[in-house]
Amino acid sequence: MRSSFNSKRNPSLPKGRQVNESAKEEVLYILDDLPIQRDLLIEALHRLQDELGCLKLTHLGALAEIFSISQAEVYEVASFYHHFDIVREDESEPPDITIRVCDGLSCEMEGALSLISKLQNSTESTKIRVQGVPCIGRCANAPAAQVGKRAVDDASAAKILQVAEGILDPIIPKYQKLNHYVANGGYNCLKGVLDGSITFDDAVSVLEDSGLRGLGGAGFPANKKWQFVNSYEGPRLMTINGDEGEPGTFKDRYWLESKPHKILEGAQIAANLVGCEKIYFYMRDEYPAVLEILKTEIEKLKSESFWLVPIEVRRGAGAYICGEESAMIESIEGKRGLPRHRPPYIAEQGLFGKPTLNHNVETLFWMPDILSKGADWFANQGLSIEHKGVRSYSVSGRVASPGVKVAPAGISVIKLINEYCGGMKPGHSFKAFYPGGASGGIFPANMASLALDFGTFEPFGGLIGSHAVVVLSQQDNILDAVVNTIKFFKHESCGQCTPCRNGTEKILDLLSNKSKDIDLYEDLMLVMRDSSICGLGQAATNCLRHLLQYFPEDLHGTR
């Protein structure tokens, strides 16, 4: 028995997979100057993926030993995120070039599925692979794709393959750099904070009167958020949620690719006034150009007097759930992006267990102007006392001129289409719309006079969320749109809770088979809304509810 045991395992070695010393040396070389601390595990995985094109099990084992954590823990983090390619011993490495074609609703409406099929049939090279992926935030230029780190707008197979033959680094758009921003009055508001002419109480009062709310989806008043976080003993931290993964949403990318310093100044203002000792900027990996811009401009700030509260950029790795604030915090801590149970809320116990101020990119964008020009400047741009300020609406779908439209809070969809988007595309008549991306539900055109603002669509089982407006026409089948949406939620469910994990799968199966079992649909929707841990599972069925309520002819095939 003893000799048989020894032939299986050397008892002088620890149990489990043994660490390859040469792999460990290779990993250390690639990590270079990266500090070896638990919260930087995801960045370490990124560096390996960037350098090697994949994650081999031998390298994951080496990484576990370097970070002094279990191999199972490293594997569960790496396997949670879509952008990490794990390769086992019996598998070949992925091709050199990955073509990611967005199959989100706006892109599907513009032929993304046929584009994916055409690419797969025409790409025989073993150096290229083609993937359909969730929304990459380029909905105004659908269908959109990404070749390596190079974005391809209004994509065709020929255009994509031509890009694949060249340099795949991101194209950096023209944006307002630091010197130009300062020359136009940039960072003057921050100077007022530093010299004491703008106090915490002053700023809170102005923000309250302005009506500025969190513009990442929840719409929580910015002034109350500051007060809550400031009420807890420090040290405090700040996070910026740049994980703009809601299908149909691209406004944060637009502002970061055009005026990044307004966001950075807003962040410094908020962090200084609330008393946060560090800022963590969580940015989605699907935005490589934004990541380069932030890297460049933050580096410039370090040599200027505007570098006060340190800013550290953390990359996401392809997980929509990390747009939920507690899941984002888990990811920044180097873990799987699983939403936390609440309470406690992150204002009390957030990142690394400290009181945490979390803001969306667009919320920060408006802060310097509001505090410089006054509450009325912002509030009076809205359509009424109930709808204060302006919003950045991401508009895509069957409109003549899609894109980010800066319009008054409370504008109706029909006015947004006609006055900001040039009307509908030729040959298309307005049929339906998503007011707030995939989570917002889908409504018929006869409800397009409702105000696009927080609180308007909630009584009807919808929400404005991130202000992502997707417009559909008579050429679109609502059942197909809902299947696309549920498929997205199934793919992006973190799997932590059964109602969301199994519910999205069951609904997708029923819809794909054109089931007309209304009672079963109702039961599933009730359980998911009432029992899911976070907003993903709670809002995933909004579009299904509206399919049954407003578009039964599309479900029953009686159009």
What pair of heavy atoms forms the shortest contact from Gly245 to Cys135, and how long is it? O-CB, 4.5 Å

Should the pair Trp366 and Trp255 be assigned to parallel (<30°), tilted (30 to 60°) or perpendicular (>60°) ring geometry? perpendicular

So, for Tyr320 and Phe488, is the gap between ring centers shorter than 6.0 Å? yes

Can you name the closest pair of heavy atoms from Leu452 and Ile464 and give their distance? CD2-CD1, 3.4 Å

Are the side chains of Leu544 and Leu524 in touch, meaning some heavy atoms are under 4.5 Å apart? no

Check ion pair Glu286-Arg100 (N to O, under 4.0 angstrom): no

Side chain of Asp39, backbone of Gly334: donor and acceptor closer than 3.5 Å? no

Distance check, rounded to the nearest 0.5 Å: Met367 atom CE versus Trp226 atom CH2? 5.0 Å

Heavy atoms of Ala468 and Pro247 approach each other most closely as CB-O, 4.2 Å

Enter the distance from Glu312:CD to Ile279:CD1 here, rounded to the nearest 0.5 Å. 11.5 Å

One thing to verify: whether Glu325 and Lys225 come together as a salt bridge, which I'm taking to mean a side-chain N less than 4.0 angstrom from a carboxylate O. no

Taking all non-hydrogen atoms of both residues, which atom of Arg253 and which atom of Arg138 are closest, and how far apart? NH1-NH1, 3.6 Å

Mind checking the CG-CG spacing from Leu291 to Asp285? Nearest 0.5 Å is all I need. 6.5 Å

Ion pair present between Glu330 and Lys335, side-chain N to carboxylate O less than 4.0 angstrom? yes

Over all heavy atoms of both residues, which pair between Pro355 and Pro235 is shortest? Give the atoms and the distance, please. CD-O, 3.5 Å

Any donor-acceptor pair under 3.5 Å from Arg150 side chain to Asp169 backbone: yes

Flag side-chain contact, heavy atom, 4.5 Å: Ile442 against Tyr550: no

The reported gap from NZ in Lys490 to CG in Asn502 (rounded to nearest 0.5 angstrom) is 10.5 Å

Any side-chain heavy atom of Leu555 within less than 4.5 Å of one from Val482? no

Determine yes or no for a side-chain-to-main-chain donor-acceptor pair under 3.5 angstrom, with Asp509 supplying the side chain and Glu505 the backbone. no

Assign the ring pair Phe457 / Phe443 to parallel, tilted or perpendicular, where the plane angle (0 to 90°) is split at 30° and 60°. tilted

Mind running side chain to side chain contact (heavy atoms under 4.5 Å, CB included) on Asp252 and Ile263 for me, showing each step along the way? CA-CA 10 Å; Asp252 293 347; Ile263 293 105; over 6 Å; no

Check whether Glu244 reaches the backbone of Lys251 with its side chain - one donor and one acceptor, N or O, closer than 3.5 Å. yes

If you apply the rule side chain to side chain contact (heavy atoms under 4.5 Å, CB included), what do you find for Gln49 with His83, and how did you get there? CA-CA 9 Å; Gln49 176 89 19; His83 287 191; over 6 Å; no

Is Arg47 paired with Glu43 through a side-chain N to carboxylate O contact shorter than 4.0 Å? yes

Is it true that a side-chain atom of Gln538 and a backbone atom of Ser532 form a donor plus acceptor pair closer than 3.5 Å? yes

Is Glu26 salt-bridged to Lys56, cutoff N-O under 4.0 Å? no

Strictly by modelled atom types, are Ser466 and Thr249 linked by a side-chain donor-acceptor pair under 3.5 Å? yes

With heavy-atom distances below 4.5 Å as the criterion, would you say the side chains of Tyr280 and Thr356 are in contact? no

If we check side chain to side chain contact (heavy atoms under 4.5 Å, CB included) with Val483, which of these qualifies: Asp480, Leu479, Thr485? Leu479

Using distance alone, with no hydrogens and no angle criterion, decide if Ser392 and Tyr254 have a side-chain donor and acceptor under 3.5 Å apart. no

dist Thr504:OG1 -> His491:NE2 (nearest 0.5 Å) comes out at 11.5 Å

Under a 3.5 Å threshold, yes or no: a donor from one side chain and an acceptor from the other, between Asn360 and Glu362? no

Using a 6.0 Å cut-off, check whether atom NZ of Lys224 has over 12 heavy atoms from anything other than its own residue. no

Full working for ring pair (Phe, Tyr, Trp, His ring centres under 6.0 Å) between Phe454 and His467: CA-CA 9 Å; Phe454 299 106; His467 296 70; 5.3 Å; yes

Between Glu91 (side chain only) and Arg88 (backbone N and O only), is there a donor and an acceptor less than 3.5 Å apart? yes

Within the structure provided, determine whether Tyr434 and Leu472 are in side-chain contact (heavy-atom separation under 4.5 Å). yes

Mind running side chain to side chain contact (heavy atoms under 4.5 Å, CB included) on Leu548 and Tyr521 for me, showing each step along the way? CA-CA 9 Å; Leu548 303 178; Tyr521 284 131; 3.9 Å; yes

Check: Gln496 and Arg336 side chains under 4.5 Å, non-hydrogen atoms: no

Greater than 12 external heavy atoms within 6.0 Å of Lys487's NZ: no

Residue pair Pro343 / Glu348, side-chain heavy-atom distance below 4.5 Å: no

Stepwise, does the side chain to side chain contact (heavy atoms under 4.5 Å, CB included) test hold for Tyr282 with Thr239? CA-CA 7 Å; Tyr282 190 81; Thr239 54; over 6 Å; no

Tell me, yes or no, whether the heavy-atom count around Lys514 atom NZ, taken from other residues, nucleotides or ligands under 6.0 Å, exceeds 12. no

Measuring from Asn484:CG to Asp103:CG, what's the distance to the nearest 0.5 Å? 6.5 Å

Looking at Pro344, is its backbone amide N or carbonyl O close enough to the side chain of Gln349 to form a donor-acceptor pair, meaning the two atoms are under 3.5 Å apart? no

With distance as the sole criterion, is a donor-acceptor pair present between the side chains of Glu246 and Ser439 under 3.5 Å? yes

Over all heavy atoms of both residues, which pair between Val361 and Gly242 is shortest? Give the atoms and the distance, please. CG2-CA, 4.0 Å

Between Arg340 and Gly350, is there a donor-acceptor pair closer than 3.5 Å when you use the side chain of the first and the backbone of the second? yes

Does NZ or CZ of Arg284 lie under 6.0 Å from the centre of the six-membered ring of Tyr287, at an angle within 45° of the ring axis? yes

Do any N or O atoms from the side chain of Arg236 and from the backbone of Val274 form a donor-acceptor pair under 3.5 angstrom? yes

If we ignore hydrogens and angles and just use 3.5 Å, is the side chain of Asn20 paired with the main-chain N or O of Thr58 as donor and acceptor? no

How about Leu463 and Glu458: do any of their side-chain heavy atoms sit closer than 4.5 Å? yes

